[in-house]
Structure formats: C-alpha cells, structure tokens
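Here is the structure we will look at.
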Amino acid sequence: MDIFSEIKSLIEAMILDLISEGAMPGDAAGHNFSVERPKNNDHGEISTNASLIVAGKSKSSPRKIAELLAEKLRDHERIESVSIAGPGFINLVLTPDYWQSIIGDIINLANEYGRKDIGKGQKVNLEFVSANPTGPLHVGHARGAVYGDALGRLLEFSGYDVTREYYVNDGGAQVDTLARSTYLRYLQANGMEISFGPDSYQGNYLVDIGEKLKDKFGNRFVDKPEMAWLETFRQFSISEMLKLIKNDLLSLNVVMDQYIHEKSIVETARIDEAIEQLREKGLIYWGVLEPPKGKMPENWEAREQMLLKSTAYGDDVDRPIKKSDGSWTYFAPDIAYHYDKVSRGYDELINVFGADHGGYVKRLTAVVDALSGSKVSFVIKLIQMVNVISEDQVLKMSKRAGNFVLLREAIDAVGSDVTRFVMLMRKNDANLDFNFDKVREQSRDNPVFYVQYAHARICSLLKRAKESGMDTRDQALLDFDGKHLREPEHIFFIRKLAEWPRIIEQATSHREPHRIIFYLIEVASGFHSFWSSGREKDSLRILQEGKPEMTLAGLALARSTGIIIGQGLEMMGVKPLTEM
RNA sequence: GGCCUCGUAGCUCAGCAGGAUAGAGCGACCGCCUCCUAAGCGGUAGGCCACAGGUUCGAAUCCUGUCGAGGCCGCCA
C-alpha cells in the first residue's frame, strides 16, 4: 500500500538473496537505508541510497553493490528501468501500471488509505491546554489546544489508544485570587463601588459571574468576612470558569476525554504516596539550595527545605518539594499528578506545555523516570509563543490587566477552521505570528482557502459529472482504465499522492502535525497545477464530453485527491468544503 | 552565570532518523479566463542555509565553540 515501504522490503529481500548467493558479505543486511521520491526529476521516480549505506557498513564498493542490486531490480515486472548515478544511488522508473494502481488503492481504501498501525494499541496519555481556571482561554492557549488535538487525531489514526486530559490547577493561591476577584464583581452587582487591588483578575468575564452570585445569594455575603464566603465563591467561580473554558474548546472543535483536578489529587493522599516512593529510591532529603546564579532575588537567605534529588536524573539542580514552613511547594502536587498518571498504566505520557514552562521539563522528566523506573516514555512538547499582530503591531498581553486577545475573539473573527489551520502551520518549537488582519482577509495569504479551494473544485467536478448522468460512486469509479492516465502530468501528480502514507508515518513518529498541513498544501498545489494544464492540453481535462472512459479516469484521479485532502483536513480537525 | 528553543531568499517559513543542482508562499517584474470554479496557473529575479571548527566518501541536517533573538531559573502558581 505504501509504495516506498514496498520497494524497501523488496530491496531488503534482494540483499538477503545476494548474501545467500555469496555475492555480498553477511553483514550487508539489516541497515536502514532510504527509499524516497528524489527532488530532482532527472533522478528517476524513486531513488534509494541502499548501496551507499550497505557499502559503508561492509567496506565494499558502492558501485559494485549497486550493480548487483540493479541487476535484480531490472527483472522486476513493475519496474520499467533502473539506473545507477552519482556515488552509487539507484534510481528507478516504475511502470505506469504501478502508479495507476495507486489510484485504485486510494479509492478502494478511502479513508483507510495511508493507515499504518504504528501505535499497536499503546496507551498514550495526552495532556494539553491545562490552563489555570481563572479566565477564558486566549490565543496562546489556542495553539496548544489545536496542536494537542491534532496530535491526538494523528496518533489515533496511527493505532494509538489516546486519552486527552486536562489538568485543572484548582489547588493553589491563584484560585483564591479568582474567588476574591469574583467577590468584587459580586459586590459590584450589589450596587457597590469597587476598586481592584494589584493582584486581582480584572477581566470583564467575571462580571457575569458576580451577577449570577447575586442572583443566587442576594446580598447575603456583602458585609461578611472572607472566611464566610471564600470557599463558596472559589468553588462557584472555578466551575463557571471551567464551563467557559470547555465552551471555548468546543468552539475550536476540541473535546477532552477527562479533566483531572489538582484538588482531587491532593485530597486522595497521592502526594504522600508519591513522595514515599521517591524516598524509597533515596531521592528525598533535607538540605539547603545554592542561591540562583545571575540575578540574586531580594531577601534571599539560605533555608533548609525538603528536596528532590532530581540531579540524579539529569536535572540541573535539586528541586524543593516543601517550603521552609513545611507546606508543599507547587512542585509537590505536580509530582503526585504524574505519579497518578504513571500508576494509571499508560505506555507513553505526552505533555503539551507553553514555552514559559520550559524550566519544568527536566524536573518532570526526572520525576517520571524515577517513578516509572524509566519504563514509561515521557515526552514534553513545548509550544512556543504566539505573537498576535494587528495593524503591524505586536499586541502585548497581560492576564492581570485583562487585555489579552481571547481565543473567542479569534474564532468570532475567522472561525475555527482558519484558526486551527493557521496555528498548525508552524512546528511547535517555532514562534508563530497570528496576523489578525491577514487571517481575516480570507485571501490567498490564507493557505487554508487554497487547500479548501482544491477540495471544492474536486467536489464540483464530481457533481457536474453526476448531473450529466454519470455514476460517480466510488464503486463505479474503480472501473477506470489506467491507460487514460499515462501523460507525464498524470504520473507526476500520482507520485505526489503516493507519498501520503509516508507523510502520515513521519508526522506520527515525529509528533508533528504540521507536516500534514504542508503536504496538503503541496497536494492542493499539484492539483491546481494539473487542473490548469487541462487548459492547454485537452487530454488532461477531466470532464470530456463524448469520452466517458477518459472522464471516468479523470474523475478517479480527482476523487482520490479529494479523499486524501478530505482525510488530511479531517485529521487536523478542519472541515473540508464542498463548494466555495 | 546556567538551562531550553530558534537563526535558511527582501518578508513569513518548510526541509534536518546525513545524500545528488537547498524549496514554498508573500512582496517585485512578465504572461494566461470564447473551454471542468482565475479564491487558480506559468515564467523571471532573489542564497557564503548566522559564523568558525570537527565527524564523514558526502553536512542546511550530527558534534563542539562563538555571536544574535526569545523563554525560564528556591520559600508564586
């Protein structure tokens, strides 16, 4: 099904044959060589460096090995010609039949085309977003949300059993701040003048919550001390914030499987269990840390704390677990949370973090390695910053001041599909510019429209053919005759389609959904180009009056392209358009 | 001071499990709609892949160092 894998296995088998024939040394087998579509058209349709790799490992001449392999390859019925070039590359040209059969494969398998069971059912915990429940999501969160969700879809397609998880930080001081800020809005709803302290969340999103609390409690808490209302207000506002967040995620087409609350982790004594485990491994001790180098914090003084010996697992310094007053640091619930994840029996944990959490990578890796005995694979994907640009200015965002650009605003302006596509156009560890004006333009600056347009054109073709009385169902298209797809332009484009399984595989193993996006743009480009060539060459037109067989073949090609684009967009959580 | 990420065309970025002459979009310039959606297509111009070493038959890709940009660095979360 994957043409590159097929040829690779073919060559591997030939190497084994040659070894048993005594023509190659025994250590020629088992090396990883590449089989790929060469960038340069003069280098055939498929090229491999097998002889270079094998020669390098077994200290023999690349040309000689290439000759041996070429001899065998020439005999293969589906290979038209073989040539040896440069230092020893083997370049292949396949028979047109081989390429045309791919169109049949795609239509036959439809959305299953390109699926390869890489994951083999391994259980993956994918934690992403995990924004503090103190306000609505902003565009920075959106990037993490979209990346996490697209990665989830990709992994699921490739045979992983994925659990999407959101960790709710509802145990720290910031949720008390939230409660107090909500209280101010509650007072306001009761007609009182309010003024915000420097630590307040001042965003307007709390106004509604204040109103709701007034509706519920009237003025009951207006003159009461904090003790009387803090817990109630905290719980209420957290649950309201989570509603807000879930709603935001939903409008981005993101749905979590579960929300794990920090509070529940703390309350079930997971911290003590986790620390005990680490203690048994000799990783817990009391000690005094060196002051941080570089900028010395004011009021720094040496104090004894409970520390985790994370340096034993590659961290730069050991990390405090308990403050000098005996209470847990922020790190402790995190340890417990990851202990909890490990104990739930996943094969792999993936955390999607914002780049500002880069400092936590080593210590968390240390924790997971220590707790799982390095059995669980743990990957942290850092998502770099999003620069929101409007009128050529980078907007500065501050949560406290409440002036950040909300995810909601982006979606209201351009919709979920464009937001997702644009956010997936960069690899996770590169900064991303989200240009509000350009993205709003819905012009060619927006590659999402370019891809959608290709899909819409294909749908339009099938629709027109159907209107003229043709049977355009997949079963009927499968009867196409390959001899009508023999022009160089046909083969050139089919070669692009044939890369799809390989692209999915690479995107999966690198955990990089953006590779799908770039491939889709290439496929769209190839299709637009092919379409336009029909203006100059009649034989390349898809709908041909009075020539039903040629039309059928053209439609099969178009349909298979549509399957791939549709499938790729679906995988990125973007809805393919049938017309524009 | 240390750690993480990045540095590729005027701009925004792909490529990086080593491979042949480094790609795309935008911007600039020149062309293409009596014909399947011109939201499209074709062409021209534009590069010491930050710099310097190293590994290799071969380096944008791997290693080391330098420079530059961003993020992070105990008793906040």
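Bear in mind that the values here come from a model prediction, so they are computed numbers and not experimental data.
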base_contact_polar ([N] base, [X] side chain, donor-acceptor, <3.5 Å):
X	N	result
A:S47	B:A20	yes
A:D316	B:G2	no
A:N91	B:A20	yes

Touch check for [X], heavy atoms < 4.0 angstrom, all strands: base, sugar-phosphate only, or nothing?
X	result
A:A454	nothing
A:L52	base
A:G358	nothing
A:Q452	nothing

Watson-Crick/G-U partner (both atom distances under 3.5 Å) of [N]:
N	answer
B:G46	none
B:C36	none
B:U61	none
B:U5	B:A69
B:G25	B:C11
B:G18	none

Distance in angstrom units between [X] [atom1] and [N] [atom2], rounded:
X	N	atom1	atom2	answer
A:F527	B:A24	CZ	P	21 Å
A:K537	B:C36	NZ	P	20 Å
A:N431	B:C13	CG	P	8 Å
A:E536	B:C35	CD	C1'	12 Å
A:D433	B:A14	CG	P	11 Å
A:F518	B:U12	CZ	P	14 Å
A:L178	B:C76	CG	C1'	16 Å
A:E522	B:C13	CD	P	19 Å

Among [options], the nucleotide that comes nearest once only the side chain of [X] is considered:
X	options	result
A:R426	B:C75, B:C4, B:U12	B:U12
A:H528	B:C72, B:C41, B:A14	B:C41
A:I53	B:A39, B:G19, B:G15	B:G19
A:W531	B:A38, B:G71, B:A14	B:A38
A:L461	B:C36, B:G19, B:G15	B:C36
A:Y450	B:A17, B:G40, B:C16	B:G40
A:D429	B:G15, B:G19, B:C6	B:C6
A:K323	B:C75, B:U37, B:G40	B:C75

Might you work through the side-chain contact (heavy atoms from CB on, under 4.5 Å) test for A:Y330 and A:N169, ending with a clear yes or no?
CA-CA 10 Å; A:Y330 165 78; A:N169 283 105; 3.9 Å; yes
Give a yes/no on whether any side-chain N or O of [X] is located under 4.0 angstrom from OP1 or OP2 of [N].
X	N	result
A:R464	B:U37	yes
A:K39	B:G23	no
A:Y519	B:A24	no
A:R457	B:A38	yes
A:S529	B:G42	yes
A:R535	B:A38	yes
A:W328	B:C75	no
A:R37	B:G19	no
A:H514	B:G15	yes

For [Y] together with [X], are the ring centres under 6.0 Å from each other?
X	Y	answer
A:Y453	A:H528	yes
A:Y167	A:H261	no
A:F378	A:H338	yes

Evaluate A:E499 against A:R37 for salt bridge (charged side-chain N to carboxylate O under 4.0 Å, His left out), listing each step before the verdict.
CA-CA 8 Å; A:E499 288 179 53; A:R37 175 194 171 125; 3.3 Å; yes
Pairwise N/O distances under 3.5 Å, protein to nucleotides 45-50 of chain B:
none

Using the P atom as the point on both nucleotides, what is the distance between B:C62 and B:G25, in whole Å?
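Rounded to whole Å, the distance is 26 Å.
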Spacing of the C1' atoms in B:C49 and B:U44 (rounded, Å):
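B:U44 and B:C49 have their C1' atoms separated by 23 Å.
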Between the main-chain N or O of A:A131 and the side-chain N or O of A:Y166, is there a donor-acceptor pair closer than 3.5 Å?
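Answer holds: yes.
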Parallel, tilted or perpendicular, judged at 30° and 60°: which one describes the rings of A:F530 and A:H490?
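A:F530 and A:H490: tilted rings.
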What's the spacing between A:D417 CG and A:Q452 CD if we round to 0.5 Å?
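It comes to 6.0 Å.
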Taking atom CG of A:D325 as the centre, report whether more than 12 heavy atoms of other residues, nucleotides or ligands fall under 6.0 Å from it.
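Counting other residues, nucleotides and ligands, CG of A:D325 exceeds 12 neighbours.
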Hey, are A:S509 and A:Q506 close enough side-chain-wise for a donor-acceptor pair under 3.5 Å?
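Side chains of A:Q506 and A:S509: no pair found under 3.5 Å.
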Stacking here means centres under 5.5 Å and planes under 30°; does A:F89 stack on B:A20?
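Stacked: centres under 5.5 Å apart, planes under 30°.
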Within 45° of the ring axis of A:W328 and under 6.0 Å from its six-membered ring centre, is that where the NZ or CZ of A:K323 lies?
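No, a cation-pi geometry is absent between A:K323 and A:W328.
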